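Okay, so here's the structure we're looking at.
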Amino acid sequence: MSAVDRLLLRSRAGLDRLTPHEAHAAASAGALLVDIRPEENRRAEGALPGALVIDRNVLEWRLDPTSPHRVAEADRADRQIVLFCNEGYASSLAAATLRELGLSRATDLVGGFRAWAAAGLPVLRD
């Protein structure tokens, strides 16, 4: 097993990952969906309604409630945050990092955006 695969397993061990339908229900109940995919993927594949777009390279600064650079939606450390990328790999690593910052309910979407779309859930397309 590669080093990155071991890191991914360790990262996911601390997460309560959500299926697409669970993430959809969580968003309806007030969870914050955060799209960390590159712009070219959003343009080509679409977006999730209501998802906040935050580039991966500034994610921690934007979602840390104690950061002067946070987004308004990052209002408390116990808010449920569901990250998603294309297929659910980078989002697992990012969610684990948010947990290290004290965001106790940060997690990610199993299978990422593509699993959401394959499940027939709402997608916004140009």
Side-chain angles (χ1 to χ4, degrees):
M1 178 181 291
S2 70
V4 72
D5 287 335
R6 287 191 301 275
L7 176 63
L8 186 61
L9 285 174
R10 283 194 310 274
S11 297
R12 287 179 172 169
L15 302 175
D16 298 316
R17 303 182 75 216
L18 301 180
T19 66
H21 289 285
E22 291 169 335
H24 186 260
S28 296
L32 183 62
L33 291 179
V34 179
D35 189 343
I36 64 169
R37 296 176 300 144
E39 180 181 349
E40 57 269 13
N41 291 118
R42 292 191 306 275
R43 211 174 324 114
E45 298 180 66
L48 301 191
L52 183 64
V53 174
I54 301 178
D55 290 338
R56 175 63 191 99
N57 65 323
V58 295
L59 185 71
E60 291 83 0
W61 288 267
R62 299 299 183 259
L63 292 178
D64 174 4
T66 67
S67 171
H69 305 290
R70 72 177 181 86
V71 294
E73 294 85 353
D75 52 359
R76 59 187 199 278
D78 66 344
R79 179 153 192 196
Q80 187 175 24
I81 298 172
V82 182
L83 303 178
F84 64 94
C85 60
N86 290 327
E87 296 180 338
Y89 296 98
S91 58
S92 292
L93 299 175
T97 301
L98 293 181
R99 290 267 181 131
E100 288 183 35
L101 288 176
L103 300 169
S104 62
R105 297 181 66 206
T107 191
D108 77 322
L109 173 60
V110 175
F113 173 86
R114 292 175 183 158
W116 175 288
L121 293 167
V123 172
L124 300 173
R125 300 186 195 278
D126 287 338

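Computed from a predicted model, the values in this text were never measured in an experiment. All residue numbers refer to positions in the sequence shown, counting from 1.
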How long is the span from the [atom1] atom in [X] to the [atom2] atom in [Y], to the nearest 0.5 Å?
X: Arg10; Y: Leu93; atom1: CZ; atom2: CG; answer: 10.0 Å
X: Leu98; Y: Thr107; atom1: CG; atom2: OG1; answer: 10.5 Å
X: His24; Y: Leu33; atom1: NE2; atom2: CG; answer: 9.0 Å
X: Leu32; Y: Leu63; atom1: CG; atom2: CG; answer: 6.5 Å
X: Asn41; Y: Asn86; atom1: CG; atom2: CG; answer: 4.0 Å
X: Ser104; Y: Arg79; atom1: OG; atom2: CZ; answer: 13.0 Å

In chain order, what residues pass the side-chain contact (heavy atoms from CB on, under 4.5 Å) check against [X], with sequence neighbours excluded?
X: Asn57; answer: Asp55
X: Glu100; answer: none
X: Ala47; answer: none
X: Ala94; answer: Ile36, Arg56, Leu59, Leu83

Exercise. State, to 0.1 Å, how close Leu109 and Val82 come at their nearest heavy-atom pair, and which atoms those are.
Key: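 Result for this residue pair: N-CG1, 4.1 Å.
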
Quiz prompt | For the student: nearest non-hydrogen atoms of Ser92 and Ser11, plus distance | solution =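 Distance-wise, the nearest heavy atoms are O-CB, 4.0 Å.
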
Quiz item: Apart from Leu9 itself, which Ile, Leu, Val, Met, Phe, Trp or Tyr residues share its cluster (side-chain heavy atoms under 4.5 Å, direct or through members)?
Solution: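 Under the 4.5 Å side-chain rule, Leu9 groups with Met1.
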
Quiz item: In the single-linkage hydrophobic clustering (I, L, V, M, F, W, Y; side-chain heavy atoms under 4.5 Å), do Leu18 and Leu48 co-cluster?
Solution: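 Per the 4.5 Å side-chain linkage, Leu18 and Leu48 are co-clustered.
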
Quiz item: Leu103, Val53: one ILVMFWY side-chain cluster at the under-4.5 Å cut-off?
Solution: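 No, Leu103 does not connect to Val53 through the hydrophobic network.
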
Exercise. With sequence neighbours left out, write down each residue that passes side-chain hydrogen bond (donor to acceptor under 3.5 Å, both in side chains) with Thr19, or none if nothing qualifies.
Key: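 Thr19 satisfies side-chain hydrogen bond (donor to acceptor under 3.5 Å, both in side chains) with Glu22 once adjacent residues are dropped.
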
Table please: side-chain donor-acceptor pairs of residues 70-77 below 3.5 Å, with sequence neighbours left out.
unit_1 : atom_1 : unit_2 : atom_2 : d
Arg70  : NH1    : Ala72  : O      : 3.4
Arg70  : NH1    : Ala74  : O      : 3.0
Arg76  : NE     : Asp78  : OD1    : 2.9

Quiz item: Is Arg99 reaching over with its side chain to a backbone N or O of Gly14, donor-acceptor style, under 3.5 angstrom?
Solution: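 Answer holds: yes.
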
Exercise. Write out all pairs satisfying ring pair (Phe, Tyr, Trp, His ring centres under 6.0 Å) with one or both partners inside residues 74-105, taking only residues at least two apart or from two chains.
Key: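 Listed once each, the pairs would be none.
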
Exercise. With sequence neighbours excluded, give me every ring pair (Phe, Tyr, Trp, His ring centres under 6.0 Å) pair touching residues 48-79.
Key: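 Residue pairs with at least one partner in residues 48-79: there are none.
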
Quiz item: Among pairs that include at least one residue of residues 27-36, which meet side chain to side chain donor-acceptor pair (under 3.5 Å), considering only residues two or more places apart or in two chains?
Solution: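 As it turns out, the side chain to side chain donor-acceptor pair (under 3.5 Å) pairs with a partner in residues 27-36, which skip direct neighbours, are Asp35-Arg37.
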
Just list the side-chain donor-acceptor pairs under 3.5 Å for residues 116-123, sequence neighbours left out, or say none.
unit_1 : atom_1 : unit_2 : atom_2 : d
Trp116 : NE1    : Pro122 : O      : 2.7

Quiz item: Going by the salt bridge (Lys or Arg N to Asp or Glu O under 4.0 Å) test, which pairs reach into residues 107-121, not counting sequence neighbours?
Solution: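 Counting only pairs at least two positions apart or across chains, the salt bridge (Lys or Arg N to Asp or Glu O under 4.0 Å) contacts touching residues 107-121 are Arg17-Asp108, Glu45-Arg114, Glu87-Arg114.
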
